Amino acid sequence: MDILPLLCIVSAAFTGLTKGAGVLPDVLNAAVGETVMFTTTLTPPEKPFLSVGWTFGEKNIITFSGLNVTAPEYEGRITLFMSTASLELRNVALHDSGEYSVIIFPLGEEFKTGNTRLNVYEPVSSVMATASSTDLVEFNSSVHLSCSSSGSSLSFLWLNGSSEVTASDRVQLTDGGTILTILDVTRYDQGPFRCHVSNPVSDGTSDPITFSISYGPENVILTISPSREYHAEGSNIDLMCSADSKPAAQFKWLLNGVLLSDTGPQFKLMNIQMSHSGNYSCQAFNSKTLRYESSPPAIISVLKRLSGASVTSSTNVPIEGNSVNLTCDAAGYVFTRKWMKDGSDLILSDNIILYDKNRVLSFKSLTKKDSGEYSCTVSNPLSSDEAKYSMEVNYGPENVQITGPSEIHLTETFTLTCSAESRPPATYTWMLNGIKIHNSAVFTKDNIQHSDSGIYTCEAMNDVTGRKLSADHELSVTGAPLFRGQV
Ligand SMILES: *[C@@H]1O[C@H](CO)[C@@H](O)[C@H](O)[C@H]1NC(C)=O
Ligand SMILES: *[C@@H]1O[C@H](CO)[C@@H](O)[C@H](O)[C@H]1NC(C)=O
Ligand SMILES: *[C@@H]1O[C@H](CO)[C@@H](O)[C@H](O)[C@H]1NC(C)=O
Ligand SMILES: *[C@@H]1O[C@H](CO)[C@@H](O)[C@H](O)[C@H]1NC(C)=O
Ligand SMILES: *[C@@H]1O[C@H](CO)[C@@H](O)[C@H](O)[C@H]1NC(C)=O
């Protein structure tokens, strides 16, 4: 029997099948120019096959039934492996894609069939990504990336670093994935972005595209060193400004909102004066984004160290009963004043009052007890200073007393002593019956006569208080008068 017609009938019976089946795999993929092996699942039989036929679509490729009959267009491109009926197809082209079938008649067995699909692809090559621009401004720029490649049946995807880019509000993938559009780029979109192209037989990746994305300035921070609430006059202060910015920000400085001539991230204040006090801030500018941002203001307070503390009195001569003000002053800005007396806290009363934030210590009416050493301590956060003042309250005279006999015998000697409480000490004047007789505290007389009797008056006088006080003392002289020549 001629087997060829039989082969044709049988092959016509199953070429209608589309799905891979039987002794062949479902699908085979190959790149243009490659060699494809259609390998059957058969194990080599002991006796050779009676006949084998391979078809591509409805065309015969090769039939064997004792002889090989190869279609002319496959001459030299194929090899049939008789042991397993596998077929090698060399130098495949795109038009070799399609359905392949085989029918095999083993000796004394049921015939076997198989079919499969061969997909021939142009391999991926020349993958290239281009960007509409690589110099971008955060929030301001949108960018298109497009991908081109040679090859057939291509799929495209984009890589951002090592992860695949997925579409979102601001990320669009269009034209089958060949165009990636990023709207309103952020600093985190710098990439590198790569286009990855693939088909079942090959793939390729473009060179990376990296964006330079300008952003900021933001997070502008002014640092003052040393950092303290008050700075001593004459000291130096460093101000530093920083900002998140690409490219690096340019800095300007403001004092109380007014632009200074200084520029740069560092600003030095040397030998600062009170007039340097104020609100400082720095302004950062990005020449690419054209944006400005200022730091929150930082307050610099300059203080003088306190010096030259003094206590002055409203009078050089404090007098009992008078009012006196002690005034405490110093050079520099005084925050607090504290008064002490004789090393202890001053006790205020109705008579002792502080005015003008403790600057003035006021005595309404001085008493002797107000004498003592007063100190005033002035301070501010940087320093303190102390001044002392000794106050001696002048008083008197008071309590004038005369000691001495009130009766005395003729010709005897007597002494009268006058005393008084007084500061400064009193000066004394003695009078007898209104007539001035002596000028010091102690009055002595010998050889007393009757004419020495009478009222002795001691007058105590305080030159400073201008006050006088006197006391009287009566003296009587006893005994008969002695006559001349009797002695
Ligand atoms: C048929 O061709 C194959 C190679 O394609 C060869 O191996 C085989 O020997 C040939 N058979 C005959 C009978 O010529
Ligand atoms: C790229 O990756 C960075 C880091 O993961 C991410 O923040 C950014 O949003 C990504 N950009 C795009 C366009 O996918
Ligand atoms: C400095 O700023 C503070 C608050 O920010 C404000 O109260 C003060 O008045 C400002 N001082 C000057 C001198 O501008
Ligand atoms: C950012 O965009 C605005 C308008 O959208 C434009 O006026 C501005 O000039 C842009 N800035 C830069 C740096 O391109
Ligand atoms: C003392 O100071 C107070 C308050 O300033 C003032 O009223 C009084 O007149 C002053 N007294 C003298 C003696 O200077």
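Bear in mind the structure is a predicted one, so any value in this text is a computation, not a measurement. Read the numbers this way: they start at 1 and go in the same order the structure lists the ligands and their atoms.
Residue V171 approaches ligand 2 through these ligand atoms, each under 4.0 Å from one of its heavy atoms: 13 (C). Counting the atoms of ligand 2 from 1 in the order shown, those under 4.0 Å from a heavy atom of R170 are 9 (O). The distance from ligand 5 to the heavy atoms of S323 drops below 4.0 Å at these ligand atoms: 13 (C). Close contacts of ligand 2 with D189, meaning ligand atoms under 4.0 Å from a residue heavy atom, involve 8 (C), 9 (O), 10 (C), 11 (N), 12 (C), 13 (C). Against a heavy-atom cut-off of under 4.0 Å, I182 is close to the following atoms of ligand 2: 13 (C).
Closest to atom 7 (O) of ligand 2, if we only count protein heavy atoms, is Y188 CB, 3.4 Å. For atom 1 (C) of ligand 2, the closest non-hydrogen atom of the protein is N160 ND2, 1.5 Å. When only non-hydrogen protein atoms are considered, atom 8 (C) of ligand 5 lies nearest to N325 ND2, 3.7 Å.
In this structure, S379 and T336 approach most closely via the heavy-atom pair OG-OG1, 2.7 Å. Summarising the geometry of N394 relative to P424, their closest heavy-atom pair is OD1-CD, 3.5 Å, with the distance given to 0.1 Å.
T39 and S86 share no donor-acceptor pair across their side chains, judged by distance under 3.5 Å alone.
For M37, the CE atom is densely surrounded, since the number of other residues' heavy atoms within 6.0 Å is greater than 12.
You'll find the ring centres of Y230 and Y333 outside the 6.0 Å limit. For F193 and F211, the ring centers are positioned less than 6.0 Å apart.
Less than 4.0 angstrom separates atom 14 (O) of ligand 5 from at least one non-hydrogen atom of the protein. Distance check for atom 5 (O) of ligand 2: every protein heavy atom is found at 4.0 Å or beyond. The nearest protein heavy atom to atom 11 (N) of ligand 5 is closer than 4.0 Å.
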Item checked: From CA spacing to verdict: salt bridge (charged side-chain N to carboxylate O under 4.0 Å, His left out), E398, K368 -> CA-CA 12 Å; E398 52 194 53; K368 292 197 254 318; 3.0 Å; yes

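A donor-acceptor pair under 3.5 Å is absent between the side-chain atoms of Y389 and the main chain of C376, judged by distance alone.
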